[in-house]
Amino acid sequence: RKEVEQDPGPFNVPEGATVAFNCTYSNSASQSFFWYRQDCRKEPKLLMSVYSSGNEDGRFTAQLNRASQYISLLIRDSKLSDSATYLCVVNANTGGFKTIFGAGTRLFVKA
Amino acid sequence: DAGVIQSPRHEVTEMGQEVTLRCKPISGHDYLFWYRQTMMRGLELLIYFNNNVPIDDSGMPEDRFSAKMPNASFSTLKIQPSEPRDSAVYFCASSFRWANYGYTFGSGTRLTVV
């Protein structure tokens, strides 16, 4: 089992749709969680951190469920410019710092 | 802030040649990471430094790979000799306090070994 697993994708959605990405992690000692966005042939960029209480940034909402070891990202009113790969990232300190990137889920938003 | 700066952006080299990739982290960041990304394997951590000291190099594929951080504002990743299977995008990233604030990545070096 992979340490961080994401929906395989790709997701193809029309503009204005709501899309949700899911991510599960296996290490219960994981401490911090993030969503990154990576455009084609570009570097990953931090989209948002994920907190236990849930957090929102405009059209984006991230949630964390520690009991189920599950992270989600919701994008409302999707735009063409949201087309990218979304990476789930988990940090753990298990005798040494360890960051695990998920394989990413590709999103295509179409007009 | 100029962000994490990597050079060169693209490198094409012949098998057997030495390749040196360079990185300037964000000022004040105490962690520096080198990652490699390929379609098949995704993002792989090669090595990371804390306050210029290498902490974990278990991801470095072979002895052909070496990394240094002589000061807080500069790091290199060297491949000698290079092989076609080293072709990938190499990213440098830096962060403050590692886990708390996420990483900032450089724009990457796209390496092609022919």
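To the nearest 0.5 Å, atom CG of residue A/Leu87 and atom CG of residue B/Leu43 are 6.5 Å apart. Taking SG from B/Cys92 and CD from A/Glu43, the interatomic distance works out to 11.5 Å, rounded to the nearest 0.5 Å.
Hydrophobic clustering (ILVMFWY, side-chain heavy atoms < 4.5 Å, transitive): B/Phe74 and B/Val4 are in distinct clusters. Cluster membership check: B/Leu111 does not share its hydrophobic cluster with B/Phe33, using side-chain heavy-atom separations under 4.5 Å among Ile, Leu, Val, Met, Phe, Trp and Tyr. Under the 4.5 Å side-chain heavy-atom criterion for ILVMFWY residues, no single connected hydrophobic cluster contains both B/Leu77 and B/Ile5. Under the 4.5 Å side-chain heavy-atom criterion for ILVMFWY residues, a single connected hydrophobic cluster contains both A/Leu64 and A/Trp35. B/Phe49 and B/Met60 end up in the same hydrophobic cluster when Ile, Leu, Val, Met, Phe, Trp and Tyr side chains are linked at under 4.5 Å.
Contacts of B/Glu44 with chain A are absent, with no heavy-atom separation under 4.5 Å from either backbone or side chain. At a 4.5 Å heavy-atom cutoff, the contact between B/Arg110 and chain A is made by side-chain atoms alone. Neither the backbone nor the side chain of A/Lys45 has a heavy atom closer than 4.5 Å to any heavy atom of chain B.
Closest approach of A/Lys42 to B/Phe91, counting heavy atoms only: O-CZ, 3.8 Å. The nearest pair of heavy atoms linking B/Phe105 to A/Pro44 is CD1-O, 3.4 Å.
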Next item on the list: Could you check B/Tyr103 against A/Thr99 for side-chain hydrogen bond (donor to acceptor under 3.5 Å, both in side chains), going step by step and ending with a plain yes or no?
Entry: CA-CA 10 Å; B/Tyr103 296 175; A/Thr99 296; 2.7 Å; yes
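The environment of A/Gln69 atom CD is dense: over 12 non-hydrogen atoms of other residues, nucleotides or ligands sit within 6.0 angstrom.
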